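Some notes on the structure that comes next.
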Amino acid sequence: MSRNEGSDGLEKNKKFRMMIPGPVEVHPDVLKAMGSPVEPHYGDAWVEKNRRVLEMLATIFNTTGDVFLMVGSGTCAIDAGFGSCLQSGERILIGNNGFFGDRLVSIAEHNGLDVVQMKGEWGKELDPQAIRDVLKKDSAIKAVAIVHGETSTTVLNPIQEIGPIVREYGALFLVDAVSSLGGVPFDMDNWCIDVCASATQKCLGAPPGLAPVAVNERAWKSIDRKEKGEHGWYADLRVWRQYATEWGDWHPSPITMATNNVNALLVSLTQLMEEGIDVRMERYRSLAMQLREGLRAAGMPPFTTDAKMNPVLTAGVSPQGINSAEIVKYLLDEYAVQISGGLGELKTKIFRIGHMSPIMTKDDIQIVCDALKAFPG
Ligand SMILES: Cc1ncc(COP(=O)(O)O)c(C=O)c1O
């Protein structure tokens with residue numbers, strides 16, 4: 001028996017595979033760009049590079065609004081959206097059906113907002129009509145915030161249905177697309193999203209460190225009525241707009257830009273454009289279906305239905321009496337595949353497999369499927 005062959009005779013592949021729900025493995029050319037010489041964050045060459053990145057991001061958000069690239073993680077962009085659009089004491093409705101919904105509540109509270117929650121069951125989509133019911137009864141709600149891809153449960157919330165309802169009631173719609181942008185069809189303007197926050201380390205296929213945020217005219221109206229300085233300077237979107245407009249032809253951001261991260265992102269976004277957004281999404285969808293079939297064959301069915309699946313992140317349900325941590329450990333120890341367990345109330349019940357890396361292949365998925373089928377538990 002060779003070193004990589006298990007007692008069941010299955011060939012074990014020891015190449016390390018990171019299949020957690022972000023960050024993701026990035027393309028070697030993206031890593032190479034990350035290691036390119038440090039360059040100035042101003043001047044003609046930089047302005048042009050920055051412009052190309054923002055233009056591609058706007059295409060991926062599907063917006064004619066403004067896009068900024070903040071240095072920070074996704075939370076930084078969410079914080080900027082909440083703190084810029086709303087005054088302390090103003091009411092925000094948060095549709096919360098998971099760990100990152102809880103996080104939105106915390107971010108809102110730290111910005112001094114008056115939080116109302118519409119709690120949904122972990123593992124079930126938020127109900128647009130329930131959002132409508134809350135908005136109908138409470139005219140003090142100024143904004144609604146929702147996580148698109150709830151990474152803790154793998155549920156994809158129906159923001160395309162919720163957005164038009166929020167607009168009907170005159171509130172702002174703020175969306176956390178940290179784990180969906182670039183991997184899931186997205187239509188910011190048509191879905192009536194006013195501010196959308198994301199991050200580079202998931203479906204956008206670049207290292208952690210940058211947070212794209214898109215802002216439309218309705219959001220600017222709300223931002224511009226506010227006193228300056230209430231929620232700090234760095235996360236005030238007005239500051240980012242000011243530099244983009246007044247210094248845009250020389251030094252387009254208010255801070256020292258993380259130029260290496262931008263170079264890496266430029267490569268990953270160019271690859272996405274060359275592949276084609278629709279082609280990339282279809283590829284993810286097909287990998288998700290392959291994994292779902294494998295989970296069923298292994299007796300660990302997908303946690304969500306195929307009809308409502310998240311195409312970049314899949315959870316399997318642990319067999320009766322088995323803690324999902326055992327499955328996570330087994331894949332890492334025996335196959336060098338790193339996946340994640342559940343979070344919160346689902347901690348021991350599900351395991352989560354991220355397939356949001358642009359370099360994920362059918363072979364990677366097959367290795368996981370075969371390994372799960374051979375799980376000795
Ligand atoms: C849906 C969602 N929102 C927010 C975050 C926080 O993002 P970051 O860690 O980039 O600040 C994450 C991170 O996993 C996430 O999955």
Side-chain angles (χ1 to χ4, degrees), residues 18-26 57 61 68-83 92 94-111 117 120 122-126 144-159 162 173-184 186 188 193 195-214 234-235 258 261-262 264-265 268 284 303-304 309-315 338-344 346-347 350-357:
M18 190 164 71
M19 297 175 71
I20 60 175
V24 300
E25 280 182 24
V26 305
L57 284 170
F61 276 113
F68 305 96
L69 198 48
M70 302 184 79
V71 178
S73 74
T75 309
C76 169
I78 299 168
D79 214 12
F82 285 13
I92 184 167
I94 294 178
N96 178 1
N97 58 345
F99 179 90
F100 290 102
D102 283 344
R103 176 66 60 79
L104 291 189
V105 171
S106 178
I107 297 170
E109 286 173 352
H110 278 254
N111 277 286
Q117 292 189 60
W122 282 43
K124 292 265 166 357
E125 287 181 49
L126 288 171
V144 176
I146 304 242
V147 175
H148 186 205
E150 179 44 86
T151 320
S152 61
T153 60
T154 74
V155 163
L156 204 56
N157 279 315
I159 55 170
I162 296 171
F173 191 34
L174 314 176
V175 167
D176 166 350
V178 168
S179 69
S180 57
L181 190 78
V184 175
F186 209 85
M188 173 163 170
I193 299 169
V195 177
C196 187
S198 192
T200 49
Q201 75 273 15
K202 300 208 190 218
C203 312
L204 295 174
L210 295 174
V213 56
Y234 191 91
N261 287 71
V262 177
L265 183 62
S268 69
Y284 283 145
F303 184 56
T304 57
M309 76 173 184
N310 180 337
V312 292
L313 177 62
T314 304
Q338 173 93 65
I339 63 162
S340 291
L343 283 173
L346 296 169
K347 192 172 169 58
I350 62 168
F351 53 92
R352 295 171 301 145
I353 303 167
H355 34 98
M356 53 182 78
S357 165

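Counting starts at 1 for both ligands and their atoms, following the listed order. All of these numbers come straight from a predicted model, not from anything done at the bench.
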Checklist entry - Quick one: side chain to side chain contact (heavy atoms under 4.5 Å, CB included) partners of Asn97, sequence neighbours excluded? => result Leu126, Glu150, Val155, Asn157
Next on the checklist: Tell me every residue that passes side chain to side chain contact (heavy atoms under 4.5 Å, CB included) with Ala108, counting only those two or more places apart in sequence or in another chain.
Outcome noted: Phe82, Ile92, Ile94, Leu113, Val115
Write 'none' if nothing qualifies; otherwise put on separate lines each N/O atom of ligand 1 with a protein N/O atom under 3.5 Å away and their distance to 0.1 Å.
| residue | atom | partner | partner atom | Å |
| --- | --- | --- | --- | --- |
| ligand 1 | 3 (N) | Asp176 | OD1 | 3.3 |
| ligand 1 | 3 (N) | Asp176 | OD2 | 2.6 |
| ligand 1 | 10 (O) | Gly74 | N | 2.8 |
| ligand 1 | 10 (O) | Gln201 | NE2 | 2.8 |
| ligand 1 | 11 (O) | Ser73 | OG | 2.5 |
| ligand 1 | 11 (O) | Gly74 | N | 3.3 |
| ligand 1 | 11 (O) | Thr75 | N | 2.9 |
| ligand 1 | 11 (O) | Thr75 | OG1 | 2.4 |
| ligand 1 | 14 (O) | Lys202 | NZ | 2.6 |
| ligand 1 | 16 (O) | Thr151 | OG1 | 2.5 |
| ligand 1 | 16 (O) | Lys202 | NZ | 3.1 |

Checklist entry - Out of Thr314, Thr153, Thr154, which one pairs with Arg352 under the side-chain contact (heavy atoms from CB on, under 4.5 Å) rule? => result Thr154
Checklist entry - Between the side chain of Tyr284 and the main-chain N/O of His355, is any donor-acceptor distance below 3.5 Å? => result no
Next on the checklist: Looking at every heavy atom in both Thr151 and Ser179, which two are closest together, and how far apart are they?
Outcome noted: OG1-OG, 2.9 Å
Next on the checklist: Suppose we screen for side chain to side chain contact (heavy atoms under 4.5 Å, CB included). Which residues come up paired with Cys196, at least two apart in sequence or across chains?
Outcome noted: Phe61, Val175, Ala177, Phe186, Met188, Ile193
